[in-house]
Amino acid sequence: MGLRLYDTLQRETVDFEPLDPGRVRIYTCGPTVHDFAHIGNLRTFLFEDLLRRVLKRRGYDVVQVMNLTDVDDKIIGKAVETGVSIGEYTDPYKRAFFDDLAAMRIDPAEEYPAATDHIDAMVGLIERLRDNGHTYTTDDGSIYFRISTFPDYGKLSRVDLSEMRDGARVDSDEYDKESPKDFALWKAAKPDEQAWDTALGRGRPGWHIECSAMSMEYLGESFDIHTGGVDNVFPHHENEIAQSEAATGKPFVRYWIHAEHLIVDGQKMAKSLGNFYTLRDLLDRGYRPRVIRYLLLSVHYRSQLNFTFAGLDQAAAALERLADFADRLEQLPAGDSPNDELAGRTQQAATEFDTALDDDLNSSRALAAVFEWVRDVNRALDSGQATTADRDQLGGFLKSFDSIYDVLTPDPGEAEIGADIEALIAAREAARKAGDYARADAIREELAGRGVVLEDTAQGVRWKKV
Ligand code: AMP
Ligand code: ZN
């Protein structure tokens, strides 16, 4: 059986088959670069990395486009507030986003179009919708999509339109639209705001039209997969379907795939709750990027991921187990007759691993197959039943696992520090944050005994070997 994926539109797991044999075209809603990405965003970007890697493993060429939303109400507001241009405001966050992707070992997409570089394509698409009778213009010059002209509206989210009362806010884009269900395609410029002079007048695009215009520009009017977090289903992706299909008369996307959210300690992550973390926040506490990558990939993407520091420590311990196992494979006793039973066990684990990933990217099951195999091989090693004659087979599967999960090679700067030391540093940080200074000091002493000295700096804890 081949790859199966859960399609939000059909509400079921279906066989995956791209429009062009051998080639998969994917559009992923990227970051709004008004701030640093948080670990919830990264969870979604890591799910997309997993999807990409599994498709490639299945032999497909992948063309993935991820947009950068670098103009919206918030960005314009912040740029005005700080007295800089939109570009000046978003540039550092764009760079930080790419740094985060690299730290998380997320394979780069083929294209990262920025909204502000594609205003013409958006204007062209709005003109097409206007010519087809799907829009109206309000007194201030803003242009809205009239959803009553698109009978399929609601097919993705199954939103009940009759429940959307007049005056209900669906979107932050509000001027004087006819119906609360309608959404802005183009917003007329307000005084002092950065805007574009176009055939539609002076203004800027709405958020939804960005993704319709850029996805179709790079991937064609119909393509294979569109992804995002569950919060994108409505209204963003519902509106993308309406705009794209109303303009082209063709089906827009074959498979809609959405990642569930990351929550923290059982609650929605929010700055006001003090449970909001960026990647930098976790790195400052001494956690390694690959430990974070592993944790965020370890839960099936359609289940909520409850982030906790205990979970991060467990992820560090899991990677330590894999590192110990890899070391043992390096030090196998010499032998020249392969262990057939062990080879069979490895083959079984490899099949379970691929079957789990093919089943809608079931990551937790794929990892369980790996860890059960590690346990069994460790037993064989304990009883002297594995030798250098088994190395290729055993090492081959470990490598195959890592071509997807990519967590075994050390992070930059990690080479000299073991995961056990890392776990101690993290445990000390946790104790310190919890006010347990006695424990924090005890761990500091233990680390000193192992030749690792800690320094608390304004940027967080730093260690050095002495
Ligand atoms: P944004 O920068 O807000 O446009 O979001 C970028 C991506 O992260 C989108 O695909 C969102 O759906 C996704 N996202 C936002 N919040 C979370 C969260 N708490 N957990 C997982 N994904 C999220
Ligand atoms: Zn989007």
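Any value given below was found using the heavy atoms of this structure, including those in side chains, with hydrogens, waters and symmetry copies removed. Counting starts at 1 for both ligands and their atoms, following the listed order.
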Which residue supplies the protein heavy atom nearest to [atom], what is that atom called, and how far is it?
atom                    : answer
atom 20 (N) of ligand 1 : Leu262 N, 2.9 Å
atom 4 (O) of ligand 1  : Thr32 OG1, 2.9 Å
atom 21 (C) of ligand 1 : Gly40 O, 2.9 Å

Between Asp231 and ligand 1, which residue portion shows a heavy-atom distance shorter than 4.0 Å: side chain, backbone, both, or neither?
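The part of Asp231 near ligand 1 is the side chain, not the backbone.
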Determine whether the side chain, the backbone, both or neither of His38 has a heavy atom under 4.0 Å from any heavy atom of ligand 1.
side chain
Just which atoms of ligand 1 are under 4.0 Å from any heavy atom in [X]?
X      : answer
Pro31  : 2 (O)
Gly228 : 10 (O)
Gly30  : 4 (O), 6 (C)

Ser212 and Ser244: CA distance, side-chain angles, deciding distance, side chain to side chain donor-acceptor pair (under 3.5 Å) verdict
CA-CA 6 Å; Ser212 284; Ser244 307; 2.9 Å; yes
Do any N/O atoms on [X] end up under 3.5 angstrom from N/O atoms on ligand 1?
X      : result
Asn232 : yes
Asn41  : yes
Met269 : no
Thr44  : yes

So, do Lys94 and Asp91 sit near enough that their side-chain heavy atoms are less than 4.5 Å apart?
yes
Any side-chain heavy atom of Phe183 sitting closer than 4.5 Å to one from Gln243?
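With C-beta onward as the side chain, the pair touches.
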[X]-[Y] side chain donor-acceptor pair, cut-off 3.5 Å:
X      : Y      : value
Thr278 : Asp281 : yes
His300 : Ser364 : no
Ser363 : Tyr405 : yes
Glu238 : Ser157 : yes

Is His237 close enough that one of its N/O/S atoms sits under 2.8 Å from the Zn ion (ligand 2)?
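Not a single backbone or side-chain N, O or S atom of His237 is under 2.8 Å from the Zn ion (ligand 2).
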Please determine whether His236 has a backbone or side-chain N, O or S atom lying under 2.8 Å from the Zn ion (ligand 2).
yes
Kindly indicate, with the supporting measurements, whether the criterion side-chain contact (heavy atoms from CB on, under 4.5 Å) is fulfilled by Ile263 and Leu305.
CA-CA 6 Å; Ile263 56 173; Leu305 189 156; over 6 Å; no
Set out, in order, the CA-CA distance, both residues' side-chain angles and the distance that settles salt bridge (Lys or Arg N to Asp or Glu O under 4.0 Å) for Arg23 and Asp20, then state yes or no.
CA-CA 6 Å; Arg23 178 164 167 265; Asp20 296 344; 2.8 Å; yes
